[in-house]
Amino acid sequence: MRPRPENALRRNADMRRATVLLLATGLAFVGGARGAAAGEFGVSLEGGYFGMTNASKSAKAIFDGTSGGFTGGGSIRYVLARSFFLGVGGHYFKRTGERVFLADATSTPFRLGHPLTIREVPVYGMVGWRFFPDSAFVPYVALGAGQTSYSEKSIVGGIEDPVGQRVSKFSGHFMAGVEWGRGIVRLGAEFMYTTVPDTIGVDGVSKIYGEKDAGGMSVVGKIVLVP
């Protein structure tokens with residue numbers, strides 16, 4: 001039985017309308033996805049490892065063979081134009097080792113048994129670039145600058161001995177990381193290199209080793225909240 005011409009015309013018209021509707025929906029979805037990236041606001045909680053690699057000899061002497069420990073912090077970022085973003089962040093590092101005696105840079109450190117606590121708190125602003133902003137997997141790089149607070153505290157015989165300096169110095173930062181996800185909660189990882197020149201090296205172990213930069217490298221995991 002042959003179909004009537006009007007039925008065929010009606011089906012063709014319906015197919016055209018459906019095609020136009022699907023195309024319009026797809027374009028709206030793509031436009032909405034791209035628009036959501038611009039103006040995006042995110043807050044991250046971060047935790048991982050920080051190593052004082054710029055003064056690794058001094059750190060290893062004080063911390064008995066390792067150059068760092070746990071670090072925690074967070075950051076806030078705002079995406080201006082899909083890929084370009086601005087942000088601020090900060091980390092906190094604190095670890096207790098021991099004061100040591102060092103005859104010269106080639107001798108073995110002799111541990112004195114007196115606790116020595118080092119605290120480092122960098123606070124910085126940053127500018128960065130996000131690659132593949134429409135993807136669920138977004139790599140990024142950033143450069144930052146700020147201030148790092150550095151302090152040392154030692155306890156000798158139960159009494160605090162102010163052996164170290166308490167200073168705040170300019171610091172530079174380079175970051176490279178990734179974020180994964182499209183929802184409100186996303187996951188990420190970040191590598192950061194920090195330089196804090198002329199912070200140490202005035203006295204003690206760092207002077208003997210000739211190390212003046214209290215910066216180093218950190219690797220952290222991130223939980224990112226995007227309202």
Side-chain angles (χ1 to χ4, degrees), residues 44-75 89-124 142 144 146-178 187-223:
S44 68
L45 302 176
E46 305 165 4
Y49 181 86
F50 167 72
M52 295 178 61
T53 53
N54 294 357
S56 60
K57 293 181 179 179
S58 300
K60 288 179 179 178
I62 295 169
F63 299 139
D64 196 20
T66 62
S67 62
F70 175 80
T71 185
S75 62
H91 284 171
Y92 181 89
F93 168 77
K94 182 179 180 180
R95 183 170 176 183
T96 299
E98 287 187 23
R99 294 177 65 176
V100 300
F101 171 77
L102 195 66
D104 56 56
T106 61
S107 64
T108 301
F110 179 75
R111 301 176 68 79
L112 300 175
H114 305 309
L116 175 62
T117 300
I118 292 177
R119 189 188 70 157
E120 200 163 332
V121 184
V123 178
Y124 51 88
Q147 291 284 115
T148 293
S149 171
Y150 176 88
S151 66
E152 299 176 2
K153 182 177 72 173
S154 181
I155 304 296
V156 179
I159 301 174
E160 181 177 338
D161 181 15
V163 295
Q165 62 270 36
R166 290 172 172 81
V167 296
S168 182
K169 292 284 188 175
F170 168 84
S171 56
H173 307 266
F174 167 77
M175 290 141 278
V178 294
L187 301 178
E190 181 178 278
F191 164 84
M192 180 165 66
Y193 173 77
T194 301
T195 178
V196 195
D198 299 323
T199 307
I200 55 177
V202 178
D203 53 19
V205 175
S206 60
K207 181 178 181 180
I208 295 174
Y209 282 131
E211 296 177 324
K212 298 183 179 182
D213 192 324
M217 295 184 290
S218 63
V219 178
V220 299
K222 304 172 61 175
I223 298 175

Student: Name all residues meeting the salt bridge (charged side-chain N to carboxylate O under 4.0 Å, His left out) criterion together with Glu98; count only those two or more places apart in sequence or in a different chain, and write none if there are none.
Tutor: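 Salt bridge (charged side-chain N to carboxylate O under 4.0 Å, His left out) check on Glu98 returns Arg111.
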
Student: As an exercise, state the distance from NZ of Lys212 to OG1 of Thr199, rounded to the nearest 0.5 Å.
Tutor: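 Result: 11.5 Å between the selected atoms.
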
Student: Could you give me the CA-CA distance, side-chain angles and deciding distance for Met192 and Phe174, then say whether side-chain contact (heavy atoms from CB on, under 4.5 Å) is met?
Tutor: CA-CA 6 Å; Met192 180 165 66; Phe174 167 77; over 6 Å; no

Student: To the nearest 0.5 angstrom, please state how far the OG atom of Ser149 sits from the CD atom of Glu120.
Tutor: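 Answer for the OG-CD pair, Ser149 versus Glu120, is 9.0 Å.
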
Student: Mind listing the closest non-hydrogen atom pair of Glu211 and Lys57 along with its distance?
Tutor: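 Looks like OE2-N, 3.2 Å.
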
Student: Determine whether His173 and Thr194 make a side-chain contact, defined as any pair of heavy atoms from C-beta on separated by less than 4.5 Å.
Tutor: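 Result yes, sub-4.5 Å side-chain heavy-atom pair found.
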
Student: State whether the number of non-hydrogen atoms from other residues, nucleotides or ligands found under 6.0 Å of Leu187 atom CG is greater than 12.
Tutor: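 Correct, the count exceeds 12.
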
Student: Identify the heavy atoms of Met52 and Ala59 that sit nearest to each other, and give their distance.
Tutor: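 Nearest pair, atom of Met52 first, then Ala59: CB-CB, 4.1 Å.
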
Student: Using modelled atom types and a 3.5 Å cut-off, is there a donor and acceptor pairing between side-chain atoms of Ser154 and backbone atoms of Pro115?
Tutor: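 Side chain of Ser154 to backbone of Pro115: a pair is present.
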
Student: If I take atom CG from residue Asp213 and atom CG from residue Asp198, how far apart are they, to the nearest 0.5 angstrom?
Tutor: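 Here the rounded value is 8.0 Å.
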
Student: Please name the pair of heavy atoms, one in Thr148 and one in Ser171, separated by the smallest distance, quoted to 0.1 Å.
Tutor: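 Looking at all heavy atoms of both residues, the closest pair is OG1-OG, 2.9 Å.
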
Student: Quick check: does any side chain N or O of Thr96 sit under 3.5 Å from a backbone N or O of Leu116, one acting as donor and the other as acceptor?
Tutor: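 It does not hold such a pair.
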
Student: What is the minimum heavy-atom distance between Thr106 and Asp104, and which atoms define it?
Tutor: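 In terms of heavy atoms, the two residues are closest at OG1-OD1, 2.6 Å.
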
Student: Enumerate the residue pairs fulfilling ring pair (Phe, Tyr, Trp, His ring centres under 6.0 Å) with a member in residues 48-73, sequence neighbours excluded, ordered by first and then second residue.
Tutor: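 Pairs touching residues 48-73 that pass the test: Phe50-Phe93.
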
Student: Taking atom OG of Ser206 and atom CD of Glu152, what is their separation to the nearest 0.5 Å?
Tutor: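 With rounding to 0.5 Å, OG (Ser206) is 6.5 Å from CD (Glu152).
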
Student: List the atom of Ile200, the atom of Ala55, and the distance in Å for their closest heavy-atom pair.
Tutor: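 The pair with the smallest heavy-atom distance is CD1-CB, 3.6 Å.
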
Student: Any idea which heavy atoms bring Gln147 and Ser168 closest together, and the distance?
Tutor: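 For Gln147 and Ser168, the tightest heavy-atom pair comes out as NE2-OG, 3.1 Å.
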
Student: To the nearest 0.5 Å, what is the distance between OG1 (Thr66) and NZ (Lys60)?
Tutor: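 Spacing of OG1 (Thr66) from NZ (Lys60) equals 9.0 Å.
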
Student: How long is the straight-line distance from CE of Met217 back to OG of Ser56, given to the nearest 0.5 Å?
Tutor: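 That separation rounds to 9.0 Å.
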
